Structure formats: structure tokens, C-alpha cells
Participant: 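The following block contains the structure, expressed as C-alpha cells.
Please read these numbers as outputs of a predicted model, since none were measured by experiment. Throughout, a chain's letter reflects where its sequence line sits, starting with A, and its residues are numbered from 1.
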There are 2 protein chains.
Amino acid sequence: MTTADPAGSSRDLPHPVREEIRLESVLHALSDPMRLRIVRELAAVGDELSCSHFDLPVTKSTTTHHFRVLRESGVIRQVYRGTAKMNALRGADLDALFPGFLDSVLAAIERQGERLGEPRRPAG
Amino acid sequence: MTTADPAGSSRDLPHPVREEIRLESVLHALSDPMRLRIVRELAAVGDELSCSHFDLPVTKSTTTHHFRVLRESGVIRQVYRGTAKMNALRGADLDALFPGFLDSVLAAIERQGERLGEPRRPAG
DNA sequence: GTCAAACTACGAGAGATGTCGAACAATCCT
DNA sequence: AGGATTGTTCGACATCTCTCGTAGTTTGAC
């Protein structure tokens, strides 16, 4: 499609609405190290980040896969912005459904990171 | 083995010590509906429960599998008591490692249960 | 229109996972 | 010892998951 589109970005991505988000899916989405790392970084920055911002030790197609799992489970929201795809935590939705859950997971990641000598990333 | 054993129960089960428990593994263990159900019930009762107490819609071998995943990830502690195998949440360990995490998950399960019309189990 | 950048889609492969059924093992009770 | 209860082990199978590489699409810039 090359036709103009009314509202800004042409490509729309399927997201579960708040009520459709399932705890099991969220837990599963968070149970992968790569995805946990993504979520951790999104929370630390507290803002949208493009996919390319993340320097994961996997290929781009694998990265795409992980972001999709996070989106389809309802953990993040993705929107296209030019050629970039921006990602943001769905903090409000998750907190409305599962109060305190996301925060405790984020705290747990940090804690565990500190506990196991944080293999710090090469400064970018 | 039929020889007497000094400390009570003969068969010993491998458990991760507190420091070995990984968040990813716990999240994965909790991401299955059957296992979430088990954990929910253990928390509700607040005490040890035998495997046979649970009336899961799967075979015994599958049940064994789920309990093992929960034990190996550090979510529950299992001990033999006669022919029965007793299961208890490792609440203290989890709370020491990931403060508030378990409680928020338990609350989330309950909440989601209520939210989606609780297909209540046939009274046992 | 062309080119580079950022992602996606598709196909494939290795490995994990959830499930079952049948046979086995440990413990308790009589 | 014999039988009942509880849970395990093993092999099998279908499915899912994570990963990659290559080829393709969409967008922005020149």
C-alpha cells in the first residue's frame, strides 16, 4: 500500500484490549531473558524506545519475534513512527488489571541483577 | 529400599536453595494454567497439601510433571509423608528474594478469576 | 526515482513443553 | 505376605519456542 492514510501511520498492529490481557500470557512473556531485558530497559527509561535502540545478542528477526510476544501478551504497546517502531510498557493497563504486579516484577529483576553480579553491558 | 532411614522419609527430592532461584524460572513455572491453579490453592489453604488433594483435569503423570516444574523452579517445597507427597509454597524464600512478587501474583490470579466468571469447580 | 534504514515474513531446524498410557516403586494397613 | 493407595518413570507424540538466514516491504532522505 502506498496510498495516503488519514491518521498518521499506515501500518496498524494488533493489540489485546485491556480486558483481554491474561495473566498466564503476561507471565509467559516475561519468562524469557531477552524479553525481561527489554522490559527492564523500557521501565528504566520510562518512555518509548525504538526496537533498534536495544542491543540484544540475537538477530533482528529474533528481536522482532520477542517484541511481538510482548505486544500480543499485552505487556507493551507498539506503534510505527516513520521507519521506526516505538515500544512502550502498558503500565497503566497492567496496573489496573494486576495492581502492584509489574512493579514487583521490575523490582525483582533489578534485585536479581544486583544479586548476580550484573554482567554490565558494554557502554554504547 | 526397605532399610530404615534415620531422619524420617527415605526419598529425598532436589530443591534449589534460595539463592539459586531464578526469576525467569519462577515466571515460567507460573505461566501454566494448571500450575497457577495449584499455586492458587496452596496459597488459599495456607498449608501443605498432598498431590492427590488436587483435582486437576489431567492424568497423574502430567500432574507429577507440573509439581516437578514448580519444585525445580523454587516455587514449592515437596516432602514425602508416607505414601503421600506434601506440597507447600516457598513463600518465605520467594518473598526474601522478590519482595511482594508472590502476593501480587496471587492477588492477580484471584482478580482475574473473578473478572472472568470463575468456572467454579464441582464441590468435592 | 533511487538509496539507505528499520522492520517483517517465511521457511527451517534444534530443543523444550504438555499430554497421555502402561508399567513400576514405595508406603501403609490388615 | 497381600492388597490398596500414591506417586514415578519411560517412551511417544503433537505442538510450541527460540533461533537463524534470506528475501521483501515501508518509510524517509537525497
Side-chain angles (χ1 to χ4, degrees), chain A residues 1-15 22 24-38 48-73 75-87, chain B residues 1-5 7-14 22 24-39 48-73 75-88:
Chain A
M1 267 294 271
T2 348
T3 54
D5 70 287
S9 62
S10 41
R11 298 168 280 174
D12 265 358
L13 297 159
H15 287 80
R22 301 290 261 92
E24 298 90 317
S25 306
V26 171
L27 288 167
H28 171 251
L30 295 177
S31 72
D32 179 275
M34 291 303 157
R35 294 194 290 260
L36 214 41
R37 195 159 144 174
I38 292 171
E48 285 185 343
L49 287 178
S50 71
C51 291
S52 59
H53 169 275
F54 296 84
D55 185 30
L56 302 176
V58 291
T59 64
K60 282 197 180 184
S61 32
T62 301
T63 301
T64 296
H65 162 68
H66 286 308
F67 275 106
R68 185 180 27 194
V69 172
L70 285 171
R71 169 171 47 81
E72 291 180 345
S73 67
V75 175
I76 65 172
R77 189 172 294 284
Q78 297 190 290
V79 305
Y80 283 104
R81 190 104 70 211
T83 68
K85 194 181 201 174
M86 305 304 292
N87 308 274
Chain B
M1 265 295 272
T2 349
T3 55
D5 70 288
S9 61
S10 40
R11 298 169 279 175
D12 266 359
L13 298 159
R22 300 291 260 91
E24 299 89 317
S25 306
V26 171
L27 288 166
H28 171 251
L30 295 177
S31 72
D32 178 276
M34 291 302 157
R35 295 194 290 259
L36 216 41
R37 195 159 145 175
I38 292 172
V39 168
E48 285 186 343
L49 287 178
S50 72
C51 291
S52 60
H53 170 275
F54 297 84
D55 185 30
L56 304 174
V58 292
T59 64
K60 282 194 182 186
S61 32
T62 301
T63 301
T64 296
H65 163 67
H66 286 308
F67 275 105
R68 185 179 23 182
V69 172
L70 286 172
R71 169 170 48 81
E72 292 181 342
S73 68
V75 175
I76 66 172
R77 188 172 294 283
Q78 297 191 290
V79 305
Y80 282 104
R81 191 102 73 207
T83 67
K85 194 181 202 173
M86 304 304 292
N87 307 276

Participant: Using side-chain heavy atoms (C-beta onward) and a distance below 4.5 Å, is B:Ser25 in contact with B:Glu72?
Facilitator: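 A side-chain contact under 4.5 Å is absent here.
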Participant: Between D:dG21, D:dT19, D:dG7, spot the one nearest the side chain of A:Thr59, thanks.
Facilitator: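 Of the candidates, D:dG21 comes closest.
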Participant: Look at the side chain of B:Thr83 and decide which nucleotide, out of C:dG21, C:dC28, D:dG7, has an atom nearest to it.
Facilitator: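 Per side-chain heavy atoms of B:Thr83, the pick is C:dC28.
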Participant: I'd like to know if B:Arg77 pairs up with B:Glu48 as an ion pair, taking the criterion as any Lys NZ or Arg NE/NH1/NH2 lying under 4.0 Å from an Asp or Glu carboxylate oxygen.
Facilitator: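 Judged by the 4.0 Å cut-off on N to carboxylate O distance, B:Arg77 and B:Glu48 do not form a salt bridge.
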Participant: Atom CZ of B:Arg68 and atom P of D:dT6: how far apart are they, to the nearest Å?
Facilitator: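 After rounding, the gap between these two atoms is 21 Å.
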Participant: Side chain of B:Tyr80 only, please: which of D:dG7, C:dG21, C:dC7 is the nearest?
Facilitator: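 Side chain of B:Tyr80 sits closest to D:dG7.
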Participant: Roughly, in whole Å, what's the span from CZ in A:Arg71 to C1' in C:dC7?
Facilitator: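 To the nearest whole Å, that distance equals 12 Å.
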Participant: Among D:dT19, D:dC10, C:dT19, which nucleotide sits nearest the side chain of A:His65?
Facilitator: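 The closest nucleotide is D:dT19.
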Participant: How many Å lie between CZ on A:Arg81 and C1' on C:dC7, as a whole number?
Facilitator: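 After rounding, the reported distance stands at 16 Å.
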Participant: Any side-chain N or O of B:Thr62 below 4.0 angstrom from OP1/OP2 of C:dC20?
Facilitator: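 Yes, within the criterion.
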Participant: What is the distance, to the nearest angstrom, from the CD atom on A:Glu72 to the P atom on D:dC16?
Facilitator: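 The answer, rounded to whole Å, is 13 Å.
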Participant: For C:dT19 and B:His66 - does any side-chain N or O of the residue sit under 4.0 Å from the phosphate oxygens OP1/OP2?
Facilitator: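 Answer yes for this pair, as a side-chain N or O of B:His66 is under 4.0 Å from OP1 or OP2.
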Participant: Is it true that the side chains of A:Thr59 and A:Thr62 contain a donor and an acceptor less than 3.5 Å apart?
Facilitator: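 A:Thr62 and A:Thr59 do have a side-chain donor-acceptor pair below 3.5 Å.
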Participant: Has B:His28 got a side-chain N or O lying under 4.0 Å from the OP1 or OP2 atom of C:dT17?
Facilitator: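 Answer is yes, contact under 4.0 Å.
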Participant: Mind checking if B:Thr63 touches a base, just sugar-phosphate, or nothing, with heavy atoms under 4.0 Å?
Facilitator: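 Since no nucleic acid heavy atom lies under 4.0 Å of B:Thr63, the category is nothing.
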Participant: Hey, is the side chain of B:Ser61 pairing donor to acceptor with the base of D:dG7 inside 3.5 Å?
Facilitator: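 Absent.
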Participant: Check A:Phe67 against A:Ile38 and note the closest heavy-atom contact, atom names and distance.
Facilitator: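 Answer, listing the atom of A:Phe67 first, then A:Ile38: CE2-CG2, 3.6 Å.
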Participant: Any side-chain heavy atom of B:Arg71 within less than 4.5 Å of one from B:Pro14?
Facilitator: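 With C-beta onward as the side chain, the pair touches.
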Participant: For A:Thr64, which contact category applies under a 4.0 Å heavy-atom criterion: base, sugar-phosphate, or nothing?
Facilitator: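 If one applies the 4.0 Å heavy-atom cut-off, A:Thr64 turns out to touch a base.
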Participant: Tell me which of B:Asn87 and A:Lys60 sits closer to the 5' end of DNA chain D, going by the nucleotide each one is nearest to.
Facilitator: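 The residue closer to the strand's 5' end, by nearest nucleotide, is B:Asn87.
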Participant: Please state how far atom CZ in A:Arg35 lies from atom C1' in D:dT19, giving the value in whole angstrom units.
Facilitator: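 Going from A:Arg35 (CZ) to D:dT19 (C1'), I get 12 Å.
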Participant: Closest approach to the side chain of A:Val58, judged atom by atom: which nucleotide of C:dT19, C:dA22, D:dT19 is it?
Facilitator: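 Side chain of A:Val58 sits closest to D:dT19.
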Participant: For B:Met86 and C:dT27, what is the distance between atoms CE and P respectively, to the nearest whole Å?
Facilitator: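 Rounding to the nearest Å, CE of B:Met86 and P of C:dT27 are 16 Å apart.
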Participant: Would you kindly give the CG-to-P distance between B:Asp32 and D:dT15, to the nearest whole Å?
Facilitator: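 About 17 Å, once rounded to whole Å.
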Participant: Please give, in whole Å, the distance from C:dA25 P to B:Asp12 CG?
Facilitator: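 Value for this atom pair: 20 Å.
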